[in-house]
Student: 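Once you've had a glance at the structure underneath, I'll fire off some questions.
As the structure lists them, so they are numbered: ligands from 1, and atoms in each ligand from 1. Every value quoted in this text rests on a predicted model; they were computed, and no experiment measured them.
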Amino acid sequence: MTTRQRLPATALAPYAAHPETSRGRRFSEPGPRYRSEYQRDRDRIVHSAAFRRLEYKTQVFVNHEGDMFRTRLTHSIEVAQIGRSIARALSLNEDLVEAIALAHDLGHTPFGHAGQDALNACMREYGGFEHNLQSLRVVDELEQKYAEFDGLNLTFETREGILKHCSLKIARELGDVGERFLNGHYPGLEAQIANLADEIAYNNHDVDDGLRAGLISVDALCEVAFFERQYTGIERQFPHLPERRMIHETVRRMINQQVTDLIDTSQERLQSAAPKDVEAVRRHGQGLVEYSDEMQKQNKQIKQFLRKNLYRHYRVQRMSVKAKRMIQELFRVFMEDGGLLPTEATGETSIDEQESQVRARVIADYIAGMTDRYAIKEYHRLFGPEQLT
Ligand code: MG
């Protein structure tokens with residue numbers, strides 16, 4: 001044999017995202033030598049400052065509540081793990097799913113949804129604030145470390161996956177990634193997977209963290225049939241298992257069943273729709289990565305339970321109210337006096353000369369980039385009477 005031995009052809013399905021047919025990057029660059037384009041996206045995300053900050057940001061529990069809870073960083077890694085398993089089983093592009101999963105929460109404010117709601121309210125007159133759009137803004141503009149472009153210059157497919165939803169008004173301003181919202185198309189299958197992997201991850205880890213925090217109980221959770229079925233099944237099988245292990249075993253079985261159901265259902269859908277390529281997936285008219293109807297019902301029950309018993313728990317509410325107040329106060333004080341902003345946030349020129357819309361966006365970017373603990377410190381630095389330095 002004179003020809004050099006080649007690695008086996010990738011086993012990607014025809015409707016998977018193939019890096020060689022990517023719609024490309026905003027600024028063209030020479031292709032990587034030893035990585036695929038999507039691996040390069042993932043690597044850029046992992047090396048970004050916004051990614052490192054995910055370690056100190058939370059979804060439900062404020063970061064310093066305890067070391068055992070999920071942070072946005074561990075959440076994103078769980079989403080990537082679940083997403084990759086699904087992608088591999090469906091012969092889709094694992095690297096792309098991983099890139100989307102690791103980037104999907106980069107735009108989140110400190111203090112989870114309370115922080116995002118507060119910042120959105122502050123920004124009402126200035127174009128609003130939405131974490132999903134902010135994640136795209138982080139990778140497109142705010143990370144400033146490459147010599148030749150602002151942002152990370154990611155491929156279209158990763159950016160498409162990051163932007164899960166957006167209003168039609170904003171879609172019109174976004175160019176290529178906004179188009180699908182205007183013409184009713186779907187994103188590629190890898191983006192669809194990342195989206196559902198996100199949901200599987202947070203539903204299950206919120207159950208786990210909620211139990212650990214003592215905000216919800218096993219007894220109460222047993223009103224959710226899906227949880228109850230796993231839990232009592234394990235109890236029969238292992239009657240003397242300590243509770244912590246019971247809970248972990250229950251959560252792991254729930255994740256496993258949800259993932260398996262999603263793969264089976266999506267497999268069937270893909271077989272019957274048989275899209276010939278990614279473009280056919282985008283134009284299919286409905287999502288092709290889905291749960292069965294039964295699993296959808298069960299998921300709804302878990303979500304309803306968490307909304308009622310965890311997200312609205314008075315202890316979570318107290319954290320939320322405090323978090324909102326801090327965000328509102330920070331925003332107000334910076335709007336009143338842009339000279340209080342650090343130069344890292346504004347660049348060398350004062351923002352007080354700028355029109356209010358521009359000032360508000362600089363402030364929103366600065367606040368959104370804060371970790372939970374940084375926001376608390378910044379609040380004390382600005383409002384704590386004991387700190388006059
Ligand atoms: Mg998420």
Student: Among the N, O or S atoms that His75 has, which is closest to the Mg ion (ligand 1)?
Tutor: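 Looking only at N, O and S atoms of His75, the one nearest the Mg ion (ligand 1) is named NE2.
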Student: Between Arg282 and Tyr186, is NZ or CZ placed under 6.0 angstrom from the six-membered ring centre and within 45° of the ring axis?
Tutor: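 Checked: cation-pi criterion not met.
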Student: Taking 2.8 Å as the cut-off, does His108 contribute an N, O or S atom near the Mg ion (ligand 1), distance below it?
Tutor: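 Not a single backbone or side-chain N, O or S atom of His108 is under 2.8 Å from the Mg ion (ligand 1).
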Student: What's the atom name of the N, O or S in Asp198 nearest to the Mg ion (ligand 1)?
Tutor: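 The atom in question is OD1.
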Student: Go through the steps to decide whether Arg25 and Glu37 satisfy the test salt bridge (Lys or Arg N to Asp or Glu O under 4.0 Å), and finish with yes or no.
Tutor: CA-CA 9 Å; Arg25 299 175 188 276; Glu37 295 287 1; 2.7 Å; yes
Student: Is it true that Asp198 and His75 share a donor-acceptor pair across their side chains at a distance under 3.5 Å?
Tutor: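 Yes.
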Student: Quick one: which residue pairs count as a salt bridge (Lys or Arg N to Asp or Glu O under 4.0 Å) with a foot in residues 105-122, not counting sequence neighbours?
Tutor: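 As it turns out, the salt bridge (Lys or Arg N to Asp or Glu O under 4.0 Å) pairs with a partner in residues 105-122, which skip direct neighbours, are Arg72-Asp105.
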